[in-house]
There are 2 protein chains.
Amino acid sequence: MSLPHAILTALLEKPSSGLELTRRFDKSIGYFWSATHQQIYRELGKLEAEGHIRALPAEQPTRGQKKSYEVLPAGRAELARWTASSQDPKPYRDTMLLRLRASAVVGTEGIEADLRRHLALHQQQLAEYQDIEERDFPPGAASPQGRLQHLVLRAGIDLETFWTQWLTHALAEFTELPGENR
Amino acid sequence: MSLPHAILTALLEKPSSGLELTRRFDKSIGYFWSATHQQIYRELGKLEAEGHIRALPAEQPTRGQKKSYEVLPAGRAELARWTASSQDPKPYRDTMLLRLRASAVVGTEGIEADLRRHLALHQQQLAEYQDIEERDFPPGAASPQGRLQHLVLRAGIDLETFWTQWLTHALAEFTELPGENR
DNA sequence: ACGAGCATGTAACCGGTTACATGATTGG
DNA sequence: CCAATCATGTAACCGGTTACATGCTCGT
């Protein structure tokens, strides 16, 4: 039950249509909660039916017409409730770690190339986050909202830093493995 | 398509019944790929139908009777293929980061307690991993299989270390926020 | 007027989750 | 023998994914 709350957050920051939300999910919020436009439309319908949001009274909503939504007080209250609620961290899932473990059994043939590819991807993502940090969070005092947003970005930066270091370490290990295991 | 391969890996390490697999998923493999017994039974049925595993020829398999499986050559080949295949990293999803972002909009009322709770949980998990490392991976030379397994465990340790540090940092930020934002 | 792209939406599927059912074994 | 537990399994649901359909708008 996270997608509706992600949408409520995005709509509170700025009322938007479905496509606009999809684009914004490709950027900031999507960095740690991605969603496709189908998910977003489905969820917008539910949120409207529940009285959490409403379509902005512009034109009649026919197909192909832009339809913007804004958050109603009930929606804001629900988001506040959810934000403050106690939630267990989801168990972590990662296929690369799974494949590395499998490679200990069936051989490491072929996995090294994908480790390198992942390293490049994480380095790229790290650079993107660092650009955002430089641009949006220059050193110095910031508003409380800004500090919270910076905190979230730091998590992204530190996670990508971890992955680049770990993958580098993993690749170094591989060069030391005896030939028949590679 | 990861669960069947996780099961193949576990079965290659040691032929097991459904319940035994469930227990082992609660431990080692489950640390980065959890599964319930219902998922595992469902998947065992599929894997058997595909000819990747077979039931060990013991007693006739009636309900309530233990039924152990072993991996067939086709299953091992499929696992090797999957392990060496190129796979994109899944976009990262985390509700705590989402909630923190939401709290920048609707207020941080109530979230601090859950940050503390998460910190305790991650510290606990970190301690568990470190115990395993001390017990199973003492300093010194190790087999290639051991080194790969150690690599995976290091990822778990480093991830939990990251979370404890980040949560500590986040809580420190909170104490500096002006009163109306807490 | 028409094709490209914009915007919204339907449908089918798939893996993970939760609740529950049923047969076998074992301890009191 | 009966309850508790072990072991396997069925069913319904839910969110995320993929493929496709349809209507509108705008540039040429």
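All chains are named by letter (A, B, ...) in the order of the sequence lines, taking the proteins before the strands, and each is independently numbered beginning at 1.
Side chain to side chain, A/T175 and A/E173 fail the donor-acceptor criterion of an N or O pair below 3.5 Å. Of the N and O atoms on the side chains of A/H5 and A/E78, at least one donor lies less than 3.5 Å from an acceptor on the other residue.
The backbone N or O of A/L98 sits nowhere less than 3.5 Å from a side-chain atom of A/T95 that would complete a donor-acceptor pair.
If you measure from atom CD of B/Q39 to atom P of D/dG15, you get 16 Å, rounded to the nearest angstrom. When rounded to the nearest whole Å, the span between NZ of B/K67 and P of C/dA24 equals 13 Å. The distance between atom NE2 of A/H37 and atom C1' of C/dG5, rounded to the nearest whole Å, is 13 Å. Taking atom CE of A/M1 as the reference point, atom C1' of C/dT17 lies 14 Å away to the nearest angstrom. Rounded to a whole Å, the CD atom of B/Q38 is 16 Å from the P atom of D/dC13. A/R42 has its CZ atom 13 Å from the C1' atom of D/dC13, to the nearest Å. Put simply, CD1 on B/I40 is 14 Å from C1' on C/dG15, counting in whole angstrom units. The separation between B/E43 atom CD and C/dC14 atom C1' is 11 Å, rounded to whole Å.
Of all the residues in residues 3-17 of chain A, A/L3 reach under 4.0 Å from DNA chain D with at least one non-hydrogen atom. For residues 19-26 of chain A, proximity to DNA chain C is found at A/L19, A/R23, defined as any non-hydrogen atom under 4.0 angstrom from a strand atom. Taking every heavy atom of residues 80-94 of chain B and every atom of DNA chain C, no pair lies under 4.0 Å.
Nearest nucleotide to the A/K46 side chain, out of C/dT17, D/dT18, D/dG15: D/dG15.
For B/D114 and B/R117, the salt-bridge test passes: some basic side-chain N is under 4.0 Å from an acidic carboxylate O.
Ring pair A/F137/A/H150 is parallel by interplanar angle, where below 30° counts as parallel and above 60° as perpendicular.
Sorted by first and then second residue, the pairs that involve residues 128-143 of chain A and meet salt bridge (charged side-chain N to carboxylate O under 4.0 Å, His left out), not counting sequence neighbours, are A/E133-A/R154. Sorted by first and then second residue, the salt bridge (charged side-chain N to carboxylate O under 4.0 Å, His left out) pairs involving residues 5-14 of chain A (not counting sequence neighbours) are A/E13-A/R24, A/E13-B/R101.
A distance of 9.0 Å separates CD in B/Q87 from CD1 in A/I111, rounded to the nearest 0.5 Å.
Between A/W33 and B/G18, the residue anchored closer to the 5' end of DNA chain D is B/G18, taking for each the nucleotide with the nearest heavy atom.
Side-chain atoms of A/S2 and A/W82, non-hydrogen and from C-beta on, do get closer than 4.5 Å to each other.
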Using residues 39-53 of chain B as the side-chain source, report each donor-acceptor pair under 3.5 Å to any protein atom, sequence neighbours left out, with the distance given to one decimal.
residue, atom, partner, partner atom, Å
B/Q39, OE1, B/T36, N, 3.1
B/E50, OE1, B/H52, ND1, 3.2

Checklist entry - Are A/Y31 and A/Y129 close enough, and set up right, to give a ring-ring contact (aromatic ring centres under 6.0 Å, His included), and what steps lead you there? => result CA-CA 10 Å; A/Y31 287 139; A/Y129 286 159; 5.1 Å; yes
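Using a 4.0 Å cut-off, some side-chain N or O of A/Y41 falls inside it from OP1 or OP2 of C/dT8.
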